[in-house]
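Okay, structure first, notes after.
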Amino acid sequence: MQDELSSRDWRELLESVQKICLCEGVTELQETALECVRGLIPSRQGIFFVSREGKGEGDDPRAFCRPVVVGAKARYIDEFLQGRYTGDEDRDFFFCGEGHLGKEAVTFRASDKISERYLESTRIYREMYVPQGIHYALRSFLFYKGRPAGLIILFNAKEQGDFTDRQTEILAILAPYVAKRLGMLVEEERAAGSGLDKAYWKKNYLLTPRELEIASLIVEGVADVDITSALCITPATFKKHVYNIYRKLGVNDRAGLFRRYLDAEGR
């Protein structure tokens, strides 16, 4: 069968697992996993999210944070993470009818769960997919110790065609190894404490005390609504602070903010 894994596929899978197990940080793992996956599964764009702490159900796009992107530049990530797409139709589209996910990794093509007609009728497709030239999606929801750990999504343009059974199997094989390493690294992060080196960010980016507070909470994966509640500020004030943070850092979205954070950590 054409879609059966070859001996070369298995060798590359083994090499990928070894690389994944050697990663020493969450962002390094995200980048390495996406590099390995896209080496085995060519795609237009790949995104790796980490699950937010305390968002255990995994049935809301806002349950994810810390996006790392490879391939085509991802647009509208901020709108996605800030909860623009949280209606029933949006959740059904995003999770492809999986609803409340189980306790183990699940990998699937969107086309196996929803029809082409339904796909093209949704708001997310019109507002996010079409402008980016993406159409087909392959998702893998990652779990660690029975709780959501992260999410990997690969996208193809319509002219590239859908993902094959072989490609779906490859991601399904890798997913448990990625999930286990991700869960372990996140636990290590939380045990060691995380957040910004505020003295460094204040000196190099001239962030105000409030901007430092907000940037640190964003990097830690705290949801926007929880930040506004904890700091007793309105959503409008929060958005103004975020705009100023992006402007001072010279970035356009959360992916850029996390990149600055990674660069600062490795200085």
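Quick caveat, the model's predicted, so the values are computed rather than measured. Throughout, residue positions are numbered sequentially from 1 according to the sequence presented. Just the heavy atoms: all of them, side chains too, but no hydrogens, waters or symmetry mates, feed the values below.
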Before giving the answer on side chain to side chain contact (heavy atoms under 4.5 Å, CB included), spell out for V70 and E35 the whole-Å C-alpha distance, their side-chain angles and the decisive distance to 0.1 Å.
CA-CA 8 Å; V70 296; E35 178 186 344; over 6 Å; no

Verdict with reasoning, E120 to H135, per side chain to side chain contact (heavy atoms under 4.5 Å, CB included)
CA-CA 9 Å; E120 296 180 351; H135 184 83; 3.3 Å; yes

N204 CG to K248 NZ distance, which is reported to the nearest 0.5 Å:
13.0 Å

Only residue of I245, V251, N244 satisfying side chain to side chain contact (heavy atoms under 4.5 Å, CB included) with R247 is N244

Between D165 and T168, is the side-chain hydrogen bond (donor to acceptor under 3.5 Å, both in side chains) condition met? List the steps.
CA-CA 5 Å; D165 291 345; T168 304; 5.3 Å; no

Determine yes or no for a side-chain-to-main-chain donor-acceptor pair under 3.5 angstrom, with R109 supplying the side chain and F163 the backbone.
yes

Can you see which heavy atom on L138 is nearest to which on F108, and at what distance?
CD1-O, 3.5 Å

Nearest 0.5 Å, please: how far is CD1 in I152 from CZ in R139?
13.0 Å

Taking D162 for its side chain and Y136 for its backbone only, find out whether a donor-acceptor pair lies under 3.5 Å.
no

Apply side-chain contact (heavy atoms from CB on, under 4.5 Å) to S115 and list each qualifying residue two or more places apart in sequence or on a separate chain.
R117, Y118

Residue pair Y205 / R260, side-chain heavy-atom distance below 4.5 Å:
yes

Between CD of Q167 and CG of L154, what distance do you get to the nearest 0.5 Å?
8.5 Å

Heavy-atom nearest pair, M128 first then Q132, reads O-NE2, 2.9 Å

Going by the angle between their ring planes, with limits at 30° and 60°, are F64 and F49 parallel, tilted or perpendicular?
tilted

Quick one, E213 with R210, criterion salt bridge (Lys or Arg N to Asp or Glu O under 4.0 Å). Give me CA distance, side-chain angles, the key distance, then yes/no.
CA-CA 5 Å; E213 198 169 15; R210 181 62 98 186; 3.0 Å; yes

Walk me through whether L231 and T237 qualify under side chain to side chain contact (heavy atoms under 4.5 Å, CB included).
CA-CA 11 Å; L231 301 182; T237 299; over 6 Å; no

Check P67 against I47 and note the closest heavy-atom contact, atom names and distance.
CB-CG2, 4.3 Å

Over all atoms of both residues, closest heavy-atom pair of A179 and L142
CB-CB, 3.8 Å

Would you indicate whether F258, at its atom CZ, is surrounded by more than 12 heavy atoms from other residues, nucleotides or ligands within a distance under 6.0 Å?
yes

Tell me which donor-acceptor pairs under 3.5 Å the side chains of residues 14-23 have, and how far apart each pair is, sequence neighbours excluded?
unit_1: S16; atom_1: OG; unit_2: E12; atom_2: O; d: 2.8

Once you round to the nearest 0.5 Å, how far does CD1 of I227 lie from CG of L217?
5.0 Å

R38 side chain to S43 main-chain N or O, any donor-acceptor pair under 3.5 Å?
yes

Evaluate side chain to side chain contact (heavy atoms under 4.5 Å, CB included) for M184 paired with R181, printing each intermediate quantity in order.
CA-CA 5 Å; M184 293 172 65; R181 190 61 185 149; 3.7 Å; yes

Measure the NE2-CG distance between H241 and L212 for me, rounded to the nearest 0.5 Å.
11.5 Å

Closest non-hydrogen contact found for L185 with G25 is CD1-O, 3.5 Å

Distance-only, no hydrogens or angles: does the R147 side chain make a donor-acceptor pair with backbone N or O of G183 under 3.5 Å?
no

Closer than 3.5 angstrom, by distance alone: can the side chain of Q30 be matched with the main-chain N or O of R66 as a donor-acceptor pair?
yes

F143 and P148: which non-hydrogen atoms are nearest, and at how many Å?
CD2-N, 3.5 Å

T164 OG1 to I41 CD1 distance, which is reported to the nearest 0.5 Å:
8.0 Å

Any heavy-atom pair between the side chains of F238 and I214 that's under 4.5 Å?
yes

